[in-house]
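Take a look at the structure set out below.
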Amino acid sequence: MSHNGGNDNLTRNFKVVSHVLFGRGCFEQVDEILSQNRNSIDSFMVFAVDDVFFQSDLRQRIPIKARDLVLWVNVDDEPTTTYVDELTDKIRNFSDNLPAGVVGIGGGSTLDVTKALSLMLTNPGSSVSYQGWDLIKNPAVYHVGIPTISGTGAEVSRTTVLMGPEKKLGINSEHTVFDQIVLDPELIADAPLQQRFYTGMDCYIHCVESLCGNFLNTFSGSYGEKAMELCREVFLNGEPDSDDKLMMASYFGGISIAHSQVGVCHALSYGLSFVLKIHHGIGNCLVFDCLDEFYPEGVSKFHQMMRKNDIQFPRDLFTNVSQEQLKKMTDVALGLDPLWEHALGNNWKEIMPRERVEGLYQRLFK
Ligand code: NAD
Ligand code: ZN
């Protein structure tokens, strides 16, 4: 689960990102920021960069020094524990010393890989054993997140969502939170429009779910309402500075769910992506499309945004879903107790028996 572990979150003392740089062109300041952390002559940085930038102008602008290690991160599949363990070994094989920092450049998947690497370098064993809440013992290596597409809130959250052999679950801990984020709206300008919409809708859905549930409080409400307003401006009005607004919406939406919770859409979408490997953004959209009975106003605005942005879902995602797969995705969804409790209340198990969850999935597959 990408967000909180339980309904005790009102009493939690949340850690936040300590340094936030925002503004057009601020990527140029990354060199200066990193140089403050390159504290000995043999220190090195690890750059974890989405491989979509392998042949891009951005590549030339990354302040890579001779000693640094660049890992090109592939996000065709969402990050797995195996992938994180492999990359951690690569860094360990590169040097006997810890890097001075791990810098992630990419979308939610790359940012999650970055967070996971920074944790796994200082915590022994496989990342599988840390999927859960507060299982990390040792502080992470200094880590920096630089988003190139906006919506997930991964830049601000205390989790890194990983697909493990048994479950899709985050490494949730204080140490997961980035030390520094660099929010440069120019970096998201070239994201493909369809993907920008799906990832942006992750933020919109975070807001709808955060604001419609039992764990809502003034703190999460304040951030959630502002993020929701920004999403509407971006996806309904298409305002000129919409990249700036989308970046801030993602950040505010991420803070909102940290202090509240996501809901029905995320629970179902987790099951969908675990079994069918459907990515988070599009998975959320496909599910949310059918959730008018839970979020009537949110879904109606969502349909408006789809029309306005000329979005059509790919048609071939759900061929031959077997009974066994349906059972598994239902198990995954129903395992996310806090999400259901937030959305439906303490008696959610009566409101949402298995058959109803299966029925909701079947609406998608028809
Ligand atoms: P992503 O990182 O999976 O990237 C989606 C696609 O966009 C990829 O093909 C990527 O290469 C491409 N892309 C990214 N930036 C680009 C750019 N500027 N130009 C061209 N192409 C670009 O997308 P996402 O939706 O940001 O992240 C989804 C992931 O985030 C999932 O793995 C999900 O589990 C995770 N997530 C994490 C949190 C959290 O709090 N940690 C919250 C929600 C989702
Ligand atoms: Zn999400």
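Counting starts at 1 for both ligands and their atoms, in listed order.
Sparse packing is recorded around CD of Glu166, with 12 or fewer heavy atoms of other residues, nucleotides or ligands lying under 6.0 Å away. Residue-environment remark: NE2 (His19) stays at or below the threshold of 12 foreign heavy atoms within 6.0 Å. Counting heavy atoms of neighbouring residues, nucleotides and ligands inside a 6.0 Å radius, atom NZ of Lys277 exceeds 12 of them. Sparse packing is recorded around NZ of Lys90, with 12 or fewer heavy atoms of other residues, nucleotides or ligands lying under 6.0 Å away.
Sorting the N, O or S atoms of His266 by how far they are from the Zn ion (ligand 2) puts NE2 first. The closest approach of Asp202 to the Zn ion (ligand 2), by N/O/S atoms, is made by OD1.
Near Thr148, the atoms of ligand 1 lying under 4.0 angstrom from a non-hydrogen atom of the residue are 14 (C), 15 (N), 16 (C), 17 (C), 18 (N). Every atom of ligand 1 with a heavy atom of Thr159 under 4.0 Å away is listed here by number and element: 39 (C), 40 (O), 41 (N). Ligand-side atoms of ligand 1 in range of Lys168: 34 (O), range being under 4.0 angstrom from any heavy atom. Each of the atoms 8 (C), 10 (C), 11 (O) of ligand 1 lies under 4.0 Å from some heavy atom of Val75. For ligand 1, the atoms lying closer than 4.0 Å to a non-hydrogen atom of Gly107 are 2 (O), 26 (O). Of all atoms in ligand 1, listed by their number and element, those nearer than 4.0 Å to a heavy atom of Leu187 are 18 (N). Using a 4.0 Å cut-off to heavy atoms of Asp202, the atoms of ligand 1 that qualify are 43 (C), 44 (C). Contact atoms of ligand 1 toward Pro192: 20 (C), 21 (N) (distance under 4.0 Å to a heavy atom of the residue).
With atom 38 (C) of ligand 1 as the reference point, the heavy atom nearest to it among Thr160, Val161, Val113, Thr110 is part of Val161. Checking Asp112, Ile188, Thr199 against atom 25 (O) of ligand 1, the nearest heavy atom belongs to Thr199.
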Quiz item: What do the steps show when you test Asn284 against Met201 for side-chain contact (heavy atoms from CB on, under 4.5 Å), and what is the final call?
Solution: CA-CA 8 Å; Asn284 278 346; Met201 284 302 107; over 6 Å; no
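Under a 4.0 angstrom heavy-atom cut-off, Gly151 registers as lying outside contact with ligand 1. Not a single heavy atom of Arg158 lies less than 4.0 angstrom from ligand 1. Heavy atoms of Tyr198 come nearer than 4.0 angstrom to ligand 1 in no pair at all. The closest approach between Gly281 and ligand 1 stays at or above 4.0 Å for every heavy atom of the residue.
Residue Gly108 has at least one N or O atom closer than 3.5 Å to an N or O atom of ligand 1.
Panel note: side chain Asp184, backbone Val182; no donor-acceptor pair is recorded below 3.5 Å.
Note: angle at the Zn ion (ligand 2), from NE2 of His206 to NE2 of His280, is 170° (rounded to 10 degrees).
Under 4.0 Å from ligand 1, the heavy atoms of Ser157 that appear belong solely to its side chain.
There is no side-chain donor-acceptor pair under 3.5 Å between Lys327 and Ser322.
Relative to the six-membered ring of Phe27, Arg61 misses at least one condition, a distance below 6.0 Å or an angle of at most 45° to the axis.
Ring centers of Tyr295 and Phe302: at least 6.0 Å apart, outside the cut-off.
Using bins of under 30°, 30° to 60° and over 60° for the plane-to-plane angle, the ring pair Tyr223/Phe252 lands in the perpendicular bin. Below 30°, between 30° and 60°, or above 60°: for Tyr270 and His266 the angle between ring planes is between 30° and 60°, a tilted geometry.
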